[in-house]
Structures are given as C-alpha cells and as structure tokens.
Amino acid sequence: MIVKVVIDIPAKQVNRSFDYAVPKDWESAIKLGSRVQVPFGNMKRTGFVVDIADETEFNGKLKPIHSIMDYDVFLNEELIELSDYLAEYLQCFRISVLQAMLPSLLKAKYDAIVQIHDPVLFSEKVGSWYQNETSIDRKELEDRMSPNAISQLKKENIISIEYQVINQTTQKTKTMIKTNLNKDQLMNALEKTSQRSFKQRAILEYFINNQAIESIEKNTLMTELEVSNATINSAIDKEWITTFKEVVYRDPLKDVSFQTSSSKTLLPEQQNAYDLISQSVDNKQADTYLIEGVTGSGKTEIYLQLMDRALQQGKSALLLVPEISLTPQMVERVVSRFQTGIAVLHSGLSITEKYDEWQRIIKGEAKIVVGARSSIFAPLENIGIIIIDEEHETTYKQSDNPRYHARDVARWRSDYHDAPLILGSATPSLESRARAQVGNYHLIHLENRVNQMPMPPVDIIDMTQVELRETANELSPELIEKIQDRLDKREQVVLLQNRRGYASYLLCRECGFIMQCPRCDISLTYHKFDNQMKCHYCDYHEPLPTQCPSCQSPHIRTHGIGTQKVAETLEEIFPEAKVTRMDNDTTRRKGQHQKLLDEFSSGQSNILLGTQMIAKSLDFENVTLVGVINADTALNLPDFRASERTFQLLTQVSGRTGRGRLAGEVVIQTYNPEHYVIQFAKTHDYENFFRFEMKRRHLTNYPPYYFTTLLTVSSKHQGKASQLAYDLKAQLYNPELERKEQLYIIGPNRNNISKINNYYYFNLLLKYKDKTTIQRQLDDILNNTQQKATQGVYVNIDHEPQYFS
DNA sequence: AGCACGCCGACT
DNA sequence: GTCGGCGTGCTC
C-alpha cells in the first residue's frame with residue numbers, strides 16, 4: 001500500500017503530495033484523511049493522506065511512514081476533494097486549506113489517552129503487562145501493539161482514544177477560592193482578627209455563613225463583599241483560603257431554553273417558498289435559492305421546516321449564521337424544534353468542546369450543524385440542504401489564508417451532494433442578487449411580515465439644517481424629544497453610532513460637502529502624518545484644505561465621533577436614563593456581550609447605544625425607537641461597498657423596532673439627506689436600491705460587473721515591497737486589455753495602516769473580466785515570487801476581497 | 001521549513 | 001591554497 005501525503009509546509013515547492021510506503025501492520029489503521037508523521041528530507045513532519053494507491057511513479061526508494069497520529073479520521077473523501085479544488089481556486093497552499101478544515105484541537109499540543117471501556121476483553125487481548133486501570137497512555141499501547149491491532153480494538157469499541165490538551169493557553173480559566181478550614185477554625189480566626197479589619201472579617205464571615213459552598217469565583221467574591229485583591233491576598237497569606245484555577249466551559253446550549261416547538265402554519269408566501277425549495281430537496285437538485293425577505297417575514301421558520309424535511313428523508317442539514325454569539329435566538333429556535341442531534345460550532349467553544357462536536361458529526365450522531373463560517377467544512381455525510389442566513393454578511397469571507405467565502409464552498413458542496421443551497425437576507429449582497437437577476441439563482445420574495453405590522457416609518461433629519469447646541473452637537477432636537485418621549489412612556493431606545501476605527505473624512509458643517517476623489521467616486525481619507533487627503537483607489541491626493549471647496553466656509557473639519565462621546569452626551573441630557581454602551585471596547589471580554597444585552601432586554605437600562613453589532617438580529621419587543629446618530633460615517637468609508645453596507649446596516653437596524661405589538665419608529669440623522677442610500681433606506685426599498693447601485697457599479701467598473709483581486713506585497717524593507725509591487729504591475733499590465741476595458745490595475749497603494757509589525761504593505765487591486773487568464777498569470781507570479789519569500793518579500797492573493805486597506 | 005550543494009571574496 | 005558568505009534546489 002502506498003499513500004500520497006501532503007506535508008505541512010506552506011511553500012510552493014512542496015505544495016503537492018509525496019508518496020510513502022505503508023508497513024503491513026498499519027494498513028487497516030491508515031485511511032484516507034489520516035494524519036501521519038513522515039520523514040521528509042532529514043526532518044519529521046506532519047502530513048495528510050490525500051490518496052491511497054497500489055503503485056507509485058516515484059523513481060526511487062519510498063520511505064515508510066513514521067507513525068500514525070490519529071486512529072480517527074477528521075476529513076472524509078469529499079473534504080479532501082474540496083481541499084484540492086479550493087487550493088487551486090483560492091491560489092493558496094493545499095495544506096492551509098486542509099488545516100482550516102480541521103477542528104483547532106489538532107493544532108494544539110495534546111496527550112493521546114486510551115480509555116478502556118471493556119477491561120475484561122482488553123486484558124484478554126493485550127496481555128499481562130497491563131494493570132487494572134481505566135486509561136493508559138497511547139504511547140504505552142503503541143509500544144506493544146501494531147496500529148492495525150489498536151485500530152481493531154477501537155472498532156470493537158473496547159477502547160476509545162481521547163485527547164487532552166497540554167497547552168491550556170487556549171482555554172479560558174477562572175480563579176476560584178475555597179477554604180480548607182472548618183467552621184470552628186474559621187470562628188477561631190475571626191476572633192483573632194481585629195474589629196477594625198472589616199474586609200478580612202467579611203471574608204471569614206462569608207465562609208462561616210456559607211458552609212455549603214465548596215468554592216466561589218474570586219471575582220464574584222470580590223464584588224459581592226466589596227473587597228480588593230489585596231485583602232484576598234492577605235487572607236491567602238494567613239492560610240484561611242486557597243485559590244485554584246478552573247477551566248471555563250462555554251456550552252453553547254447551556255443557556256438555551258429547551259422548550260419544544262412545533263412547526264408553525266406558514267403564510268401563503270412562506271408556503272410558496274417552502275413548496276418550491278422542498279421539491280429541490282426531494283429531487284436532489286443542487287439549485288441555489290435566494291430568499292429576499294423583509295425583517296420579520298419568517299425566513300427562519302422556512303429554514304426549520306426545510307431542514308426537517310431533509311432529516312425526514314434521512315439526510316443531514318447545514319445551517320450557517322454570521323456569528324452564533326450574536327445570534328443566540330437562531331440557535332435557540334433550532335434546538336427547540338429538533339432537541340437532539342444538533343452540533344453547534346462557534347468561536348466561543350473551547351477547543352475540546354469543538355472537537356467533541358466534530359466527533360459527534362463524524363460519528364453521525366449530529367445530523368444538524370449550526371455554526372459560523374468555518375462550519376461550512378463540517379464533515380457531514382449525505383447533506384440534504386445547506387442554508388446560509390444573512391448571506392450578505394462579510395463574516396462569511398475569511399480575511400486571512402485560506403481566504404475562502406463560505407458561499408463559494410457551500411455552492412461546491414451543494415453540487416457534490418445534489419442538495420439545494422438557500423441564501424437568505426433582507427438585503428442580499430449585490431453579487432447574489434445579480435446572480436438571481438440573470439437566473440443563476442432562483443429568487444424568492446417575502447414581502448409581508450408575520451406579525452402583519454408594517455415596516456416602521458423612517459424620519460430623515462438633515463443635520464446641516466439643525467442648529468446645534470454646544471453640549472449636544474451629535475443629537476438633533478427632534479431625536480432628543482423622541483428619546484424623552486420613550487423614556488416617559490417606559491419604552492426602550494436603540495441608538496446606532498457606527499464609528500469604525502480609523503477612517504476620518506472631511507465634512508463641511510455648512511453645506512454637508514464631503515471631499516471626493518475626482519476619479520474614483522470615493523471619499524478621500526485624511527492622513528494625519530502628511531496632512532493630506534488621499535484616495536485609496538488611485539494615486540490622487542491633495543493637501544488638507546482650510547475652507548470648504550464648495551461653499552468656502554471655514555467650518556470644515558475631519559469627522560468621526562465615537563460611541564463614548566455620545567454616551568456622555570446622553571447622560572448629560574437624560575440624567576435619569578440608564579445607557580448601555582456596546583462597542584468593541586465594552587465587549588472585548590468574553591461574555592460581556594451577552595451581559596450587556598441581558599441588561600437591556602431585562603429593562604435595567606433604557607437606551608442601548610452601540611456600533612453595528614447592535615444591528616444584528618436581536619428581538620426586543622419594548623423597543624419603539626431606533627435612532628441612527630450619523631448615517632454618513634459608514635457611507636463615506638473608502639470602499640466601493642460603502643453604500644451597500646450602509647443600506648444593509650440602516651435596514652437591519654430599522655428592523656430592531658416594531659418587533660412586538662408596539663409600533664416602532666426610526667430616526668436617521670445625516671448630513672447627506674438626498675443621498676440615494678438614505679432615500680432608499682427611508683422607504684425600505686431594497687429592489688430600487690439594487691437597481692440604482694448596479695448602475696453605479698457598472699459605471700465605475702466594480703463587482704458584480706468585474707472580478708476583483710487584491711495583491712498584497714509585504715516586507716520589512718519598504719523599498720523591496722514597493723519595488724516588487726511595481727514589478728508585478730508591470731508584469732500584469734496589458735494595454736490591449738485595458739483599452740478593451742477588460743482589465744484595470746489600481747495601485748500600488750500603500751496600505752492605510754502602512755506598517756504592521758514592522759512589515760510594510762503595498763496593495764495592487766485588479767479589476768477584470770476574464771478570470772482564467774488572470775488566474776494563470778497569478779499562478780506564474782506566485783511561482784516567480786516564491787524565491788523572493790526567502791528574501792523576506794511576500795505576495796498574498798485575495799480574490800473578491802471584502803475590505804481593501 | 002530545513003538542509004546540502006556550489007560558486008565567489010578575505011584570511012591563516 | 002581554504003573558510004564561509006548565502007543564492008539555488010530538493011525533499012517521496
């Protein structure tokens with residue numbers, strides 16, 4: 001037996017498989033997808049078995065495999081085939097794709113432990129050296145038995161092999177406190193402690209009064225007793241208490257209510273969608289459906305019933321959501337409907353938990369997978385349906401290697417399994433909507449909300465006309481009045497202040513003028529270090545003006561107000577209101593996100609103020625006002641998708657109100673009230689927005705009319721990086737194609753954050769019509785630049801990038 | 001990635 | 001003459 005192995009070295013020269021001999025004793029243990037250790041050169045490296053053959057074309061003596069790493073496989077034939085396709089399609093190393101497919105536990109350091117399920121049979125088969133233990137080191141067993149024999153024991157369920165992570169750094173731990181003293185000893189200590197040591201006495205009293213409690217989290221104790229770390233430490237010094245670490249497990253289903261729910265009767269529109277798609281499920285057709293449904297139109301119910309149908313036919317179902325911790329309600333609904341056989345995968349799980357979920361999928365225990373982007377690689381067999389909810393979300397595109405888009409992977413798997421792919425959104429990506437337009441996808445419209453409520457009215461406030469008070473220059477009097485009104489009525493308010501980190505643009509306070517690039521139809525970005533306004537799409541730049549180029553007003557300045565400033569203003573104007581601020585700063589700590597949401601949903605706070613993360617599908621029945629503090633922030637990002645994103649964001653956040661029985665209202669403050677995005681958002685008119693935006697993309701030669709690829713050259717030497725970037729441009733430059741409007745090369749531009757970790761970045765953006773030619777040219781470039789990698793210059797390729805700087 | 005091979009400049 | 005610089009090529 002010969003196996004073809006892909007080595008774990010991401011380099012062009014070894015981006016292929018190498019043949020290895022398999023000793024007889026190993027043949028039944030090694031399977032397609034096995035991880036193996038192989039001798040490679042004079043090294044020992046990890047690799048994946050991607051093919052099994054009887055013969056080799058290699059002219060030389062094959063080396064045998066050094067060892068087998070797992071007796072389980074984590075990749076099936078389908079995923080191995082997929083990795084081959086993706087590596088070529090994404091122009092990245094196959095090993096990178098294979099590694100991205102695996103649960104991350106296998107990348108950590110771990111001990112392999114053999115669990116003995118049947119001690120009697122086990123000792124019968126392995127002999128007398130073994131003492132009566134329930135688990136032994138795998139290594140010990142391997143020293144005495146052949147891999148084939150171990151594999152056989154496993155198959156007979158006499159043993160199983162488990163992994164224990166050695167490197168615990170990826171696991172969250174919390175510090176726990178317990179006491180080793182009994183009640184008398186504690187009382188004794190209390191007596192000896194001075195009456196003035198209130199805090200130390202408090203700790204003793206706590207343990208005296210809570211004998212039943214074995215241990216308590218340090219942080220909890222500190223807040224509960226209002227004691228400081230110093231007090232805790234002195235208690236430790238006096239040996240009253242000891243601390244220990246406990247691993248924090250975040251069971252995704254822990255907080256989910258297990259109430260069972262049954263299928264709801266579908267509205268005619270929903271029924272129609274269900275009927276259409278279920279035909280594809282039944283007939284095993286790899287069709288793609290785009291469900292364009294307004295917020296509240298009941299897309300989830302359609303998903304659930306379709307998944308149910310696939311399950312009834314003995315197939316499995318894959319549901320992708322943008323990020324589970326942001327969409328707990330979706331998980332809850334899936335669990336309530338199906339109760340068992342669900343694997344939930346997301347970034348909040350510990351690596352061991354993820355691995356466990358993965359195992360359940362491999363073993364066929366879980367037929368339903370709900371998860372974020374990487375779940376698209378879940379090793380499900382016999383998939384009957386794939387659903388991507390909120391398909392327009394950018395989180396479906398991985399921003400580092402392998403830079404795949406879950407939608408593309410889903411398309412491939414859909415073809416492989418002859419299963420329909422469902423894309424759902426209230427505001428589909430232009431790419432998907434355009435594909436539906438030309439008939440590649442089936443388009444399904446859902447125009448009615450399940451609760452029969454109309455979409456909330458949207459009030460546009462022209463901030464250029466608002467006379468602003470010094471203290472509250474982010475809030476218009478109208479918005480202030482409406483917030484006051486909701487506070488009086490004990491209803492809740494959601495406020496969006498979408499300030500994204502870096503980009504500051506130049507805005508005239510008098511006329512609302514925003515400096516645009518004369519060539520690119522994209523706003524200029526202020527660069528502080530040389531005081532210039534620059535375009536990120538071409539080389540255009542000009543000095544920062546002192547007066548408005550349009551109306552000559554001196555009231556022109558860079559713009560960008562953060563949530564923190566708004567929160568201060570709110571507290572000044574509404575001292576009686578409790579404001580929950582939710583942004584990257586306040587949710588960086590794990591669990592903080594949920595905590596803030598709980599605070600708001602339970603009614604402890606009146607106003608939820610946050611960045612775009614608050615726009616995600618959250619249902620709060622008591623919210624009757626949604627305010628967008630500045631719609632222009634996102635609109636003026638230097639990105640051709642800025643309009644699309646803003647429209648999606650405004651539509652999404654508008655959907656946060658009117659979810660319950662109370663009617664909702666939306667207020668959007670803007671300096672550009674006439675902007676088409678604002679106007680279409682006002683009427684919730686996706687279809688006309690789509691048509692308008694398509695025209696604009698057509699005129700400016702952007703997707704979906706052109707393919708885009710971003711080449712990034714990076715090096716510690718600025719000169720080397722820029723030199724190569726210019727060389728690449730020269731290589732790709734083709735006046736013939738440019739004249740025929742088949743290819744545009746933009747750049748090289750310096751990355752907006754020009755230096756990260758001492759590396760300089762230069763970008764080259766390609767816009768083109770003919771994918772095959774460019775792909776071939778880029779292959780050549782990758783081959784030629786491989787040797788540069790040893791000189792510290794790197795080239796990265798990102799097809800259809802979501803962000804550009 | 002890591003290592004051997006090989007071809008040119010400054011040394012005991 | 002030789003030691004060692006690192007550019008080039010190979011790893012089943």
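Proteins come first, then strands; the chains are lettered A, B, ... in the order of their sequence lines, and each starts at number 1.
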Using the aromatic ring of A:Phe40 (for Trp, its six-membered ring), decide whether it stacks on the base of C:dC12 within the limits of 5.5 Å and 30°.
-> no
Using whole Å, report how far CE of A:Met43 lies from P of B:dA1.
-> 10 Å
Between C:dT8 atom P and A:Lys12 atom NZ, what is the distance in whole Å?
-> 19 Å
Establish, yes or no, whether the cationic atom of A:Lys154 lies under 6.0 Å from the six-membered ring centre of A:Tyr71 and within 45° of the ring axis.
-> no
d(CD1, A:Ile7; C1', C:dC12) in whole Å | 8 Å
Provide, to the nearest angstrom, the distance between the CZ atom belonging to A:Arg45 and the C1' atom belonging to B:dA1.
-> 5 Å
Using atom CZ of A:Phe58 as one end and atom P of C:dC10 as the other, report the distance to the nearest whole Å.
-> 12 Å
How would you label the contact of A:Leu62 with the nucleic acid (heavy atoms, under 4.0 Å): base, sugar-phosphate, or nothing?
-> sugar-phosphate
Length of the CG-P vector between A:Asn42 and B:dA4, whole Å = 6 Å
Could you tell me whether the side chains of A:Asp19 and A:Thr56 share a donor-acceptor contact shorter than 3.5 Å?
-> yes
A:Gln13 CD to C:dC12 C1': how many Å, rounded?
-> 15 Å
What pairs of residues pass the side-chain hydrogen bond (donor to acceptor under 3.5 Å, both in side chains) test when at least one of them lies in residues 24-33 of chain A, not counting sequence neighbours?
-> A:Ser28-A:Asn148
CD1 of A:Ile95 versus C1' of C:dT11: gap in Å, rounded?
-> 15 Å
When the side chains of residues 39-51 of chain A are checked against the rest of the protein, which donor-acceptor pairs come out under 3.5 Å, sequence neighbours left out?
unit_1, atom_1, unit_2, atom_2, d
A:Arg45, NE, A:Asp8, OD1, 3.1
A:Arg45, NH2, A:Asp8, O, 3.4
A:Thr46, OG1, A:Gln37, NE2, 3.4

